[in-house]
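Just so we're on the same page: letters track the sequence lines, and every chain starts at 1. Computed from heavy atoms alone, side chains included, the values below leave out hydrogens, waters and symmetry copies.
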Amino acid sequence: MPKYNPAEIEPRWQRFWDENKTFKTPTEVKGEKLYALDMFPYPSGEGLHVGHPEGYTATDIVSRHARMVGKTVLHPMGFDAFGLPAEEHAIKHNASPREFTEKNINTFVRQLKDLGFSYDWDRQISTTDVDYFKWTQWIFLVLFDTWFDADQQKGRPISELPIPAEISEAGEDAIRKYQDEFRLAFESHAPVNWCPALGTVLANEEVVDGLSDVGNHPVQRMPLRQWMLRITAYADRLESDLDEVDWPEGIKKLQCDWIGRSTGAEVDFFIGDQDQFENWKSARTETGFPRNLPENTLRVYTTRPDTLYGATYMVIAPEHGAVEELTTADQGPIVKKYCDDAAMKSDRDRQDDRTKKSGVFTGSYAINPINGQPVPIWVADYVLASYGTGAIMAVPAHDARDFEFAKTYDLPITAVVQPPAKAEIDLEKLMAGEICFAGIGTAVNSESFDGLTTEEFKIKIIETLDNTSVGRSAVNYKLRDWLFSRQRFWGEPFPILHELDEAGNRTGIMRPVPLESLPVDLPFVEDFKPHGRPEPPLEKADDEWLFPVIDGKKYKRETNTMPQWAGSCWYYLRFIDPHNESAFIDPELEKQWMPVDLYIGGAEHAVLHLLYARFWHKVLFDRGHLHTPEPFKKLVNQGMILGDVEFTAFRDTNEQWVSAELTCENDERKTVLKSTGAELHVVKLDPEQAEKEKEGDNFVLKSDPQIRVDSRAYKMSKSRGNVVNPDVIIAEYGADSLRLYEMFMGPLHQSKPWSMAGVNGVRNFLDRVWRMLVDEKAEELSLSSSVGDHAPTDEQTRMLHKTIKAVSKDIETLGFNTAISRMMEFVNFFTKQAERPKSLMEPFILLLSPFAPHLAEELWQLLGNDSSLAYESWPQFDESLTVDALVEVPIQIMGKIKTKISIERGKSKQELEAIALQDPKIVTLLEGLTVRKVIAVPDKLVNIVAN
RNA sequence: GGGGGUGUGGCGGAACUGGCAGACGCGCUAGAUUUAGGAUCUAGUUCCCAAAAGGAGUGCAGGUUCGAUUCCUGUCACCCCCA
């Protein structure tokens, strides 16, 4: 009767943990602490996906284990709930995004509780909670109140910004405007990707082929007033502090590349008559390198100042401020048209290697400061206004894009770098301008610099430029300042008030909403549908919200909202002190708990979320609110869980099978015949219909082995219909089985295909654990007669100690799949033992408990314990009891195993060698051979070299 | 095109610093048992040769080494990210 029934056991223990607040975080940290954090989910309408519990189970195992080894554990969960889907849903169904979000959160909480995670639910937060985003707004104001002191490499209060004399003489307003230029949160009017249909601006990453990634709506470039965060100021620290953290190298590299630090030079080219050039240059040498660009110069940024002699033309971005000024009258119309067209393209499309480079001549020339040569200035959209100075010197001989452009427009090409011999570059062709070489080498055609290596040349030329003040060394970043505002409803309102004059126009003066007036809640807005104009939905709030009056002055609230990233930038801090009403976190608690010891989540957040969160953290650190420079000590990315493996075959219109290698996907992602492009039917096969080829690595049709079929696992998606719902797995196999299966599938960081048969396999294991202890034939739940107070045999004791050792080590290294296999071995062993000592069963149940907590609690109770095992001491092992007395040593001749001998552990090399050479089988095999050498590795093997 | 990752049985995957390749699980085969179920137990299961003896074998081709899944060189395939 008493079969293992998770459907009964699991809800019972979940209720027990809930009612007893078993996993409430202790108020005080005693001894070592562990802060184990999951990347909190976006509560979508679809509910939990099987991908979520993978990382969650991993942190849960680590947390449960940590409690048992006596650590004080913080293990919280919350929701990243602002964002477009809730708003879109609300618009479609004429409902409230808050209600929809709350409903989804409830579903998620229910599902997470069904999985038995040991979260401290008293600390649940959502970024949409008014009590939470009050402090998101407060942190924004910290950013607003901070400037970055480049000398100290530190964010400081804006009140400490040194004000130049000429500014302070100009009065209060001038000072305020000057300060506004330096704030980490600032307004900008730069061109952005505006999508009328979605009613918001989009990040570059969200625009493909001039259309929005979501919904394929047209996107246009236009200048709009936006909030920006000066993340570029922290670029160096965001890069160098990566050395401090224990993250996967791949993720660190991604972040480095995203920051994209490059060193090179800024060089000023003279614009004007050639006979004025020498005057300009000598005047420069006297005045020094100007901070602000004078009118008669064009400033470029280059990472290859050593190719300055090879600059045969220049390119400025279509948005460059000097376009109009540089365009001559007769080139005017064509330049104007070109710039207008470029405005419709996204940065991404413009930099796409596949599209042909295009550009137009402005009619003007600039003069190369190093050799006085005039070079034509072109406008081309492969140069971006936002990178460097928005202008480049083009060196077609040594840059692939410049080369392509020069070839297209028949511009001169001058080679100035001779490649090293080992590069195998055809020097003649390079010198003739027929090919391009972007590597490093030795300088040629560069006057007195000839013969220098690229590295030497760079140093020399920067010196020369610096001495004459026409250039200087410069650092550049690919990282852009962070576009921080959205024209949507469902986000955090900015706590900023714009002062209005009598006529209701902005005076340009901004006032932060004071702390005591925070939070700025979202107003009621009848309709927040996008309307194609850039005014945000909050513009439609009533006057009372929109136009506050303070001290007799009228203000207008900021009506943009923050992007979804905002809330996730600091949630890990709030978990430490979630109910604090007077501060975003208590400094004492912050000191106790930070940093996060283990942070697990998907690799899709490898760049943006982690970079943004680190940036906010550093600002808060600089301003004295935090004590750690980095938030996340150890980061692990879980792999993606793919759908079950699918076999697909292809049929043509005549219902004839087509072998897989003859097919390909066309531009519309339809499968077609490679040779003719004829469309094919895709047939999903039953696994029974396919088999592995006799020779080779392909799967073929069983019925026709000539026909190859595709076999692979696909990403789970609604459209493919291969999504696995955790609720279904829990109902059918139990939460413990789901947890165990997700951990048993393979290494945490690796992506792996789902397999229903595999779930059944771990369920079998849990059934066997049950039967190892429970008498299934009895009427009532009772211990099996094999379990009792027997004295354990040596072998049994060793089995336990080996298992404790392996499982403990595997939890530390997050090798959960092997930990589970070790426990399986334990159960396989004891299933065969007629006597199962209770003294060995109890520690085993404790080992199992972080993985399968419900079953473990149940069996723990059955073994006679009356309280939860959550805080029982983790079993200890005795090293001497983990090794067998005898060891099997293979004996090889010429590296091939010939026999194995069983000997006592710890024999010396000499003893081992002697034993091996006396082995009868070896003696026979060595007849007629001369032993040249014997390699003996104690307890491992013997290899005899003989011929 | 650039960067990152992965290639081991029919499948998911083990193998610590170079030392018995295939732990553990799925699947499959045979047997036992049975209240016929997606149950349990036992044995087997990398491939080749009827079996044994033997041989081959960690994507492929080389190299270093007494010995390579592990280190080196080249190469191919797939996946992910970026362009």
Q: For rG9(B), measure the glycosidic angle (O4'-C1'-N9-C4 for a purine, O4'-C1'-N1-C2 for a pyrimidine) and name it syn if it falls within 90° of 0, otherwise anti.
A: syn

Q | Pairwise P distance, rA14(B) and rU8(B) [rounded to whole Å] | A | 11 Å

Q. Base, sugar-phosphate, or nothing for R768(A), non-hydrogen atoms under 4.0 angstrom?
A. sugar-phosphate

Q | d(CD, E776(A); C1', rG37(B)) in whole Å | A | 13 Å

Q.
At a heavy-atom distance below 4.0 Å, what parts of residues 808-819 of chain A sit against RNA chain B?
A. N817(A), T818(A)

Q) What nucleic acid atoms does G761(A) come within less than 4.0 Å of, heavy atoms only: base, sugar-phosphate, or nothing? A) sugar-phosphate

Q.
Whole angstroms only, please: what is the CG-C1' distance between D767(A) and rG37(B)?
A. 13 Å

Q.
Is the terminal nitrogen or CZ of R614(A) (NZ for Lys, CZ for Arg) located under 6.0 angstrom from the six-membered ring centre of W247(A) and within 45° of that ring's axis?
A. yes

Q) Roughly how far apart, to the nearest Å, are rG4(B) and rC48(B) at atom C1'? A) 39 Å

Q. Rounded to the Å, how far apart are K802(A) NZ and rC16(B) C1'?
A. 15 Å

Q.
Counting the atoms with a prime plus P, OP1 and OP2 as sugar-phosphate, which does K715(A) contact under 4.0 Å by heavy atoms, base, sugar-phosphate, or nothing?
A. nothing

Q.
By the 4.0 Å heavy-atom rule, please label I935(A) as base, sugar-phosphate, or nothing.
A. base

Q) Does OP1 or OP2 of rC80(B) have a side-chain N or O of N637(A) closer than 4.0 Å? A) no

Q) Within the structure shown, what part of the strands sits under 4.0 Å from E888(A) by heavy-atom distance: base, sugar-phosphate, or nothing? A) base

Q) When the distance from CZ of F851(A) to P of rC24(B) is rounded to whole Å, what number comes out? A) 18 Å

Q. In whole angstroms, how far is the P atom of rG19(B) from the CD atom of E913(A)?
A. 21 Å

Q) Looking for any heavy atom pair under 4.0 Å, which part of the strands does K752(A) touch: base, sugar-phosphate only, or nothing? A) sugar-phosphate

Q: Can you tell me the distance, in whole Å, between the CZ atom of R822(A) and the P atom of rG13(B)?
A: 20 Å

(Q) Between rU69(B) and rU17(B), how far apart are the two P atoms, rounded to whole Å? (A) 16 Å

Q. Checking all strands, does R932(A) fall into the base, sugar-phosphate, or nothing category for heavy-atom contacts under 4.0 angstrom?
A. nothing

(Q) Using atom P in both nucleotides, what's the gap between rC71(B) and rG5(B) to the nearest angstrom? (A) 13 Å

Q) Is K253(A) touching bases, backbone alone, or none of the nucleic acid, heavy atoms closer than 4.0 Å? A) sugar-phosphate

Q) Whole Å only: how far is the CG atom of L941(A) from the P atom of rA68(B)? A) 12 Å

Q) Ignoring hydrogens and angles, are the base of rG38(B) and the side chain of Y733(A) linked by a donor-acceptor pair under 3.5 Å? A) yes

Q) P atom, rC24(B) versus rU75(B): distance in rounded Å? A) 39 Å

Q) Taking atom C1' in both rU34(B) and rU40(B), what distance in whole Å separates the two? A) 9 Å

Q. Once you round it to whole Å, what is the distance between C1' of rC24(B) and CD1 of I820(A)?
A. 10 Å

